[in-house]
Amino acid sequence: FPPLRLISRGLIRFTNVIVKGKGLEEGPFVKEQEFLGVVEAAAIEEVIEKHERDLIESVIEFGDTVAREIMVPLPAMVTVHQSTTIDAAIGVSIEHGFSRQPVINDDDDVIGIAFMKDLVRLERSSGGSNPVSAQMRRVVVGPENKPVSKLMREMQANKFHLAVVADEYGSITGLITLEDCLEELVGEIADESDDEEL
């Protein structure tokens with residue numbers, strides 16, 4: 001994630017100059033734990049604010065996070081069967097507030113992704129009684145031990161927002177979205193459809 005990478009490198013270089021007195025051209029000399037200690041000290045001394053410290057810590061921890069840790073597990077996934085009508089699939093999307101839904105077959109394998117905008121377009125052209133499988137897109141499957149940072153770069157490069165996660169045997173274990181990846185870095189991202197406790 002280029003902007004965060006630049007911030008991280010800048011902070012490491014800054015810390016190298018302060019802690020070790022080394023030149024910028026000689027490369028990083030601070031280990032993660034040392035760097036986190038400097039960041040914590042800076043927060044205590046109010047050189048940086050708490051939310052800045054939290055973001056720096058998230059960036060460092062982000063590199064060690066794998067898909068399994070932040071995915072939506074299989075039992076919690078909202079799916080539609082391939083034979084579900086487009087009208088019914090739109091109803092499921094509205095009920096749960098999702099713009100993308102995994103499409104499953106009789107064996108509960110994910111065979112595609114239904115996009116709400118595609119379904120609405122077809123429904124408006126009198127295709128609401130067609131099965132959702134007629135209007136699904138290709139599903140991207142990734143291993144559950146894949147680093148989230150790598151998966152996020154692939155999502156950016158290949159322009160997909162949802163991937164299905166599988167174990168080493170190829171069985172589906174959950175799904176992960178671009179929003180899940182971003183929330184791992186910056187914290188919870190609420191939108192107008194999320195329930196908020198008052």
Side-chain angles (χ1 to χ4, degrees), residues 1 4 51 54-55 57-123 131-198:
F1 199 52
L4 293 171
H51 70 274
D54 293 344
L55 181 59
E57 289 175 355
S58 294
V59 169
I60 290 173
E61 291 169 6
F62 189 68
D64 299 326
T65 306
V66 294
R68 176 180 53 252
E69 297 174 55
I70 66 169
M71 71 180 185
V72 175
L74 181 62
M77 284 171 50
V78 176
T79 62
V80 291
H81 189 270
Q82 63 183 356
S83 63
T84 304
T85 65
I86 286 172
D87 283 335
I90 290 172
V92 172
S93 281
I94 291 170
E95 179 185 348
H96 295 280
F98 295 133
S99 60
R100 296 167 178 84
Q101 299 174 78
V103 179
I104 59 170
N105 62 15
D106 292 330
D107 298 323
D108 291 335
D109 293 326
V110 178
I111 58 171
I113 302 293
F115 282 54
M116 178 70 154
K117 63 182 179 181
D118 295 338
L119 301 180
V120 169
R121 190 178 302 119
L122 195 59
E123 191 269 339
V132 73
S133 58
Q135 193 59 47
M136 65 183 183
R137 298 191 189 191
R138 180 181 71 87
V139 63
V140 175
V141 180
E144 62 181 6
N145 60 352
K146 184 172 209 157
V148 174
S149 56
K150 191 172 183 180
L151 180 61
M152 189 172 168
R153 282 195 296 275
E154 288 178 15
M155 286 177 157
Q156 287 179 295
N158 300 319
K159 299 178 182 174
F160 63 93
H161 288 232
L162 184 148
V164 171
V165 181
D167 63 18
E168 65 266 27
Y169 305 107
S171 300
I172 302 303
T173 57
L175 67 78
I176 190 168
T177 66
L178 186 56
E179 184 176 330
D180 295 329
C181 298
L182 288 170
E183 286 181 339
E184 187 65 16
L185 278 173
V186 299
E188 199 67 29
I189 301 172
D191 63 25
E192 56 279 354
S193 66
D194 291 340
D195 292 328
E196 291 185 24
E197 293 183 11
L198 298 176

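Index from 1, following the sequence.
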Heavy-atom closest contact ([X] atom, [Y] atom, distance):
| X | Y | result |
| --- | --- | --- |
| M155 | C181 | SD-SG, 4.3 Å |
| M136 | G112 | SD-CA, 3.9 Å |
| I113 | R138 | CG1-O, 4.2 Å |
| D180 | I70 | O-CD1, 3.8 Å |
| P143 | A67 | O-CB, 4.1 Å |
| Q101 | A89 | NE2-O, 3.1 Å |

Taking the side chain as every heavy atom from C-beta outward, state whether [X] and [Y] have any pair of such atoms under 4.5 Å apart.
| X | Y | value |
| --- | --- | --- |
| E123 | D87 | yes |
| V80 | V103 | yes |
| V120 | K117 | no |
| V66 | E144 | no |

Between atom [atom1] of [X] and atom [atom2] of [Y], what is the distance when rounded to the nearest 0.5 Å?
| X | Y | atom1 | atom2 | result |
| --- | --- | --- | --- | --- |
| T177 | R100 | OG1 | CZ | 9.0 Å |
| I90 | I86 | CD1 | CD1 | 7.0 Å |
| I94 | S99 | CD1 | OG | 12.5 Å |
| M77 | H96 | CE | NE2 | 12.5 Å |
| H161 | Q156 | NE2 | CD | 9.5 Å |
| H81 | D108 | NE2 | CG | 8.0 Å |

- Item | Residues L119, Q135; criterion side chain to side chain contact (heavy atoms under 4.5 Å, CB included); working and verdict | CA-CA 7 Å; L119 301 180; Q135 193 59 47; 4.3 Å; yes

Closer than 3.5 angstrom, by distance alone: can the side chain of [X] be matched with the main-chain N or O of [Y] as a donor-acceptor pair?
| X | Y | result |
| --- | --- | --- |
| D167 | Y169 | yes |
| N105 | D107 | yes |
| T79 | P102 | no |

